[in-house]
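Structure first, then comments.
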Amino acid sequence: MAKNKPEGYLSAKESRRISKENRKITSVLEKQRKRKNVPENEYLTTMHNPNNAVEFDNLHTYFFTDAGTVKSVDGVTFEIPIGKTVGVVGESGCGKSVTSLSLMQLLQRPQGQVVEGEIRLNLGDKAYDVAKMPYEKLLDLRGNFVSMIFQEPMTALNPVFRIGAQLDEVIELHDGEGKSKDDIKARSIELLELAGIANSEGVYKMFPHELSGGMRQRVMIAMALACNPKIIIADEPTTALDVTIQAQVLDLLRNLKNKINSSIMFITHDLGVIAEMADYVVVMYAGRIVEKGTADDIFYHPAHPYTIGLMASKPVVGKQVDKLYSIPGKVPNPINMPDYCYFKDRCEMCVGGCDGEYPPEISLSETHKVSCYRWTEANKEGGEA
């Protein structure tokens, strides 16, 4: 842990020491990741529930920086059932995107590393632990089994290549065996039509900067669906869009999911989008899951003070208020997390026990789980009130 000066700065000597320690840790992890000819039984695993497409089990993803270790994802456990949409919600910096990048293994290396836990991926006849897979084997899974719609299409698309060339490349790389150039082009145009683009042949010849934000997002969706993946990760795909285009993109995703029977991990901080799209909801705060359950559990019976605060901060049609509610305080420093509940310093519902260690996960029902001392046996009465 970094030893900070009183004024908040880190000495050069301390920074060098941290860097040296980090290099030792990351070089061991990188060496493991880059091994060749790794036997399959090293990363072969068994799904806890064969009806799940993905299972995150005690996932820890850290970033080893010169200022200290940032625990971006700190013991996350949840499932994505086959054919369902799981919404991951939380404020910026809570670990939503890093969780999805851990599944895709697109973390910025060598600083970003999965240091503990399992990510079980269901391939139908067998299951792999993505966290233990060597890099060369991951290339076969990306696109074919798991694909991602990135948050900002203008940075995800290459500005110097036409849309058609970028789509063709994806199909050629992952699903091009035995296909001619004309076959690949026809498939690209078909995907653009599937994504709701009327002038598909015209868009095929255009550059990204010639398209509007909504059109670019549709191109990203077409690219993600190129190989009919089993899991689609949608990382805030509607953030930069106006509400009418947002509604169209959500409808498109919902219809396409049903067409190819895939699962969606939908990452957003917009509760309205989650209410419309998700079957299950996972609420994250400071790298941990504070509450999870079905959409009905979370929206009609929120149990964690953070979830209740998120609900209260959303404007409601027909309800007049002088000022929208905002959660007080700020998120703790990710390099120096407290040893008690991470939300305690911002919480307005503290009870006995909140001064103790981080609260355990408590089951309120078969589907609804929360990490909060309000729901322990000693405080259950107060929690329900």
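What you see is a predicted model; the values in this text were computed from it and never measured. Counting begins at 1 with the first residue of the sequence.
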CA sep, side-chain torsions, deciding dist, call: K314, D270, salt bridge (Lys or Arg N to Asp or Glu O under 4.0 Å): CA-CA 9 Å; K314 185 133 183 90; D270 189 332; 3.5 Å; yes

Test: D182 and K185 ion pair at under 4.0 Å: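 No, this pair does not count.
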
Test: R109 and E30 ion pair at under 4.0 Å: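 Result for this pair is yes, salt bridge flagged.
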
Is the backbone N or O of [Y] less than 3.5 Å from a side-chain atom of [X], with the two atoms forming a donor-acceptor pair by type?
| X | Y | answer |
| --- | --- | --- |
| H304 | P302 | no |
| Q166 | F161 | yes |
| S263 | P81 | yes |
| E55 | N49 | yes |
| D279 | T85 | yes |
| N122 | N51 | no |

Residue pairs, two or more places apart or on separate chains, that pass ring-ring contact (aromatic ring centres under 6.0 Å, His included) and touch residues 67-119: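 Of all non-adjacent pairs touching residues 67-119, those that pass ring-ring contact (aromatic ring centres under 6.0 Å, His included) are F56-F78.
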
ring-ring contact (aromatic ring centres under 6.0 Å, His included) pairs, two or more places apart, involving residues 16-35: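 Sorted result for residues 16-35: empty, none.
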
Determine whether [X] and [Y] fall in the same hydrophobic cluster, where Ile, Leu, Val, Met, Phe, Trp and Tyr are linked whenever their side-chain heavy atoms lie under 4.5 Å apart.
| X | Y | result |
| --- | --- | --- |
| F150 | V249 | yes |
| L121 | M47 | no |
| L194 | M206 | yes |
| L107 | V54 | yes |
| I82 | L141 | no |

With clusters built from Ile, Leu, Val, Met, Phe, Trp and Tyr whose side-chain heavy atoms come within less than 4.5 Å, directly or transitively, what are the remaining members of the cluster of [X], listed by chain and number?
| X | answer |
| --- | --- |
| M349 | I308 |
| V283 | V89, L271, I274, V281, Y285, V290, I298, F299, Y306, L310, M311, Y325, I327, V331, M337, Y342, F343, Y358 |
| Y300 | none |

Residue pair V114 / Q105, side-chain heavy-atom distance below 4.5 Å: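 Side-chain contact under 4.5 Å: yes.
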
E169/E172 under side-chain contact (heavy atoms from CB on, under 4.5 Å): CA gap, chis, key distance, verdict: CA-CA 5 Å; E169 185 185 24; E172 200 174 329; 5.7 Å; no

With respect to [X], which candidate in [options] satisfies the side-chain contact (heavy atoms from CB on, under 4.5 Å) definition?
| X | options | result |
| --- | --- | --- |
| V98 | S102, S100, C94 | S102 |
| M148 | L101, I232, L103 | L101 |
| D235 | K96, Q151, M104, E152 | Q151 |

For the student: nearest non-hydrogen atoms of [X] and [Y], plus distance:
| X | Y | result |
| --- | --- | --- |
| E136 | N37 | OE2-N, 3.3 Å |
| Y204 | S188 | CE1-CB, 3.7 Å |
| P153 | M220 | CB-CG, 3.5 Å |
| D251 | R254 | OD1-NH1, 2.8 Å |
| G143 | C227 | O-CB, 3.3 Å |
| A226 | L191 | CA-CD1, 3.6 Å |

Might you confirm whether atom [atom1] of [X] has over 12 heavy atoms from other residues, nucleotides or ligands at distances under 6.0 Å?
| X | atom1 | value |
| --- | --- | --- |
| K71 | NZ | no |
| E201 | CD | no |
| D322 | CG | no |

F207 and H209 aromatic ring geometry - parallel, tilted or perpendicular at 30°/60° bounds: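 Judged by the thresholds at 30° and 60°, the geometry between H209 and F207 is parallel.
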
Please round to the nearest 0.5 Å and tell me the distance separating atom [atom1] of [X] and atom [atom2] of [Y].
| X | Y | atom1 | atom2 | result |
| --- | --- | --- | --- | --- |
| K257 | L225 | NZ | CG | 13.0 Å |
| E291 | S371 | CD | OG | 9.0 Å |
| K179 | K181 | NZ | NZ | 15.5 Å |
| M265 | T99 | CE | OG1 | 5.5 Å |
| M133 | L44 | CE | CG | 10.0 Å |
| Y43 | L138 | OH | CG | 9.0 Å |

Is there a donor in the side chain of [X] and an acceptor in the side chain of [Y], or the other way round, less than 3.5 Å apart?
| X | Y | value |
| --- | --- | --- |
| N22 | S19 | no |
| D66 | S15 | no |
| Q248 | R218 | yes |
| Y340 | D345 | yes |
| K369 | S363 | yes |
| Y373 | D355 | no |

Working for side-chain contact (heavy atoms from CB on, under 4.5 Å), residues I80 and K84: CA-CA 7 Å; I80 302 174; K84 300 291 184 185; 5.9 Å; no

Any residue meeting salt bridge (charged side-chain N to carboxylate O under 4.0 Å, His left out) with D74, in chain and number order, not counting sequence neighbours: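 For D74, the residues satisfying salt bridge (charged side-chain N to carboxylate O under 4.0 Å, His left out) (neighbours in sequence not counted) are R288.
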
Candidate pair V203 and V219, rule side-chain contact (heavy atoms from CB on, under 4.5 Å), full reasoning: CA-CA 9 Å; V203 169; V219 170; 4.3 Å; yes

Pair R17-E21, salt bridge (Lys or Arg N to Asp or Glu O under 4.0 Å): steps then yes or no: CA-CA 6 Å; R17 182 189 66 77; E21 286 177 6; 2.6 Å; yes

Among E40, R120, K137, side-chain hydrogen bond (donor to acceptor under 3.5 Å, both in side chains) partner for Y128: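 When side-chain hydrogen bond (donor to acceptor under 3.5 Å, both in side chains) is applied between Y128 and each of E40, R120, K137, only E40 qualifies.
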
Step-by-step side-chain contact (heavy atoms from CB on, under 4.5 Å) determination, V370 to T307: CA-CA 10 Å; V370 64; T307 314; over 6 Å; no

